[in-house]
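Take a look at the structure set out below.
Letters A, B, ... mirror the listed sequences (proteins, then strands); counts begin at 1.
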Amino acid sequence: MTARGPILRLGAALAAIVLRCAVGAQGAAAGGSWTNLAGRVLKATPKYLRGQAVAFVRDGTDQIVEYPLAIFPPPEQERLRSLLRDTSIPEGLQAAWAFASQHLKRSRLLYESGQISAADYQKSVEDALGAFRFQAAPLIEQQKISPERLELILRDLREGTAVVE
Amino acid sequence: MKTITRSLGLLVWLAMTTVHAQVPAPLPPFTVYGKAANWSGRAFSSNDAAAVVAKINGVEMDRCQVVSGIYPELNYRVHIPMASAPTPGRGVVGDPLTFEVYYDGTMHTVMNGTSNPVVGETATALQCNLIVGTDSAGDGLPDEYKQLLLPYYIAAGWGTDLSDILPEHDFDGDDYSNYQEFLAGTIPVDGSDYPRIHDIFPAGSNSVGVAFLAAPGRTYTLPRSDNLVSNQWTDAELSLSSNVPPNRTFYGSEKDQIVTLYLFPTNQAAFRLDVR
């Protein structure tokens, strides 16, 4: 019992360190420096997106400030969107999204009404998501959408919860 | 001096008379009506707050709000003011007509149809269905729609370019062509989705339910024929409930949904499902 005490304590201490590292990593990812198109650096933590604006809490304050996303370079905009788990559909993908969304909805209705099998439904889902991924590929190359944001959109499409920007 | 003044007065009167005579009398308008739809073939509904603008040589002649649910294949109607001779703001027989559709805060061009509409005789009307988009092949299928089918064509080895996508193709092998599925609002790259009746069942003592998967912006009718040999069909009276007497001949769907329409046949007849 006494021999296991230090081991348990060491284990607990290690777990605490791991936990702190994990929390620390999350905090570092959420905060940071953000350089706008004019080259000015904002040290702040992004909190949420509202329309085409992003809200930050400036480092060392609890004040929320909003800036238009457009003041940041496209890669920085995508970094913010990914960080805030934005799943809005970028311009250039809305038609593809609407088509995939309709395809999935109709397949779901056919499946739920017993008109098609589970295998047919799964095939429709994979086909629709594959086609959407294909349409998104050029936008990823142009850095208009990040791979992370695309995966979130695909997840929402699969679940039927995506929203159009 | 008096003579000169009288002559000038006569000239002015003559000039006024001449000018007056050159203004053609307004005539009853020429009417254009039909269905305005987006690039996926979905007819605009009243909820879209869309407007159709009719132009002659780039000059606006009339515009109207899109209103749905009045009659199948009809959600807009514009009146072209007419004159017997070329007059600003008025059309004459043979003038080429162009259309634009305003929605989502933007004016959209309408793709050229298979025929180019022109102004007809005064007090007559022309049905003209409008589809927003670009039709570079002139085959009736918008480029924007073909773009959505392209990944499927590439994956299946059917082609690599929009020109490889033809309206008459039955890509998904469900016996309906790309163009028919475009019109019906079904998915032309999914063989399990095509226009069809899913279920027919007795409902109550004197009605029959007809179920199908409807698409947004499409209108459905159930034509009936009492004699298939004569092949004469008329739209059957129908209802949205087995408890409500038939009160309509068509149903306009605003979304993708399973719809059941109820018929109240009093004698033996054949029915079919039509989608527009």
- Side chain B:Asp172, main chain B:Asp190, donor-acceptor under 3.5 Å: yes

- Could you look at B:Ser192 and say if it's the side chain, the backbone, both or neither that has a heavy atom under 4.5 Å from chain A? both

- Geometric class of the B:Tyr145/A:Phe99 ring pair [parallel <30°, tilted 30-60°, perpendicular >60°]: perpendicular

- Message: On a heavy-atom basis, which atom in B:Pro117 and which in B:Cys128 lie closest, and how many Å separate them?
- Response: CG-SG, 4.0 Å

- For A:Ile116, is it the side chain, the backbone, both, or neither that has a heavy atom closer than 4.5 Å to a heavy atom of chain B? side chain

- Counting heavy-atom pairs under 4.5 Å with chain B, the top scorer among A:Gln115, A:Lys105, A:Lys123 is A:Gln115

- Task: Check each atom of B:Ala156 against the heavy atoms of chain A and say whether the ones under 4.5 Å are side chain, backbone, both or neither.
- Result: neither

- Are any side-chain N or O atoms of B:Arg218 and backbone N or O atoms of B:Leu183, one a donor and one an acceptor, separated by less than 3.5 Å? yes

- Query: Angle class for the B:Tyr76/B:Phe99 ring planes (parallel below 30°, perpendicular above 60°, tilted otherwise)?
  - Reply: perpendicular

- Query: Does the distance from a Lys or Arg side-chain N to an Asp or Glu carboxylate O, for A:Glu126 and A:Arg158, drop under 4.0 Å?
  - Reply: yes

- What pair of heavy atoms forms the shortest contact from B:Asp256 to B:Ala215, and how long is it? OD1-CA, 3.7 Å

- Message: For B:His108 together with B:Trp39, are the ring centres under 6.0 Å from each other?
- Response: no

- Item | Per-residue contact mode, A:Ala128 against chain B (heavy atom under 4.5 angstrom) | both

- Message: Classify the ring geometry of B:Tyr103 against B:Phe44: parallel below 30°, tilted from 30° to 60°, perpendicular beyond 60°.
- Response: tilted

- Nearest heavy-atom pair of B:Arg224 and B:Gln268: which atoms, and what distance? NH2-O, 4.4 Å

- Message: Can you list the residues of residues 129-141 of chain A that sit under 4.5 Å from chain B, counting heavy atoms only?
- Response: A:Ala131, A:Phe134, A:Gln135

- Answer with side chain, backbone, both or neither: which region of A:Asp120 has an atom nearer than 4.5 Å to a non-hydrogen atom of chain B? neither

- Item | Toward chain A, the part of B:Gln147 with a non-hydrogen atom under 4.5 Å | both

- Query: With a 4.5 angstrom heavy-atom cut-off, which part of B:Leu150 approaches chain A: side chain, backbone, both or neither?
  - Reply: neither

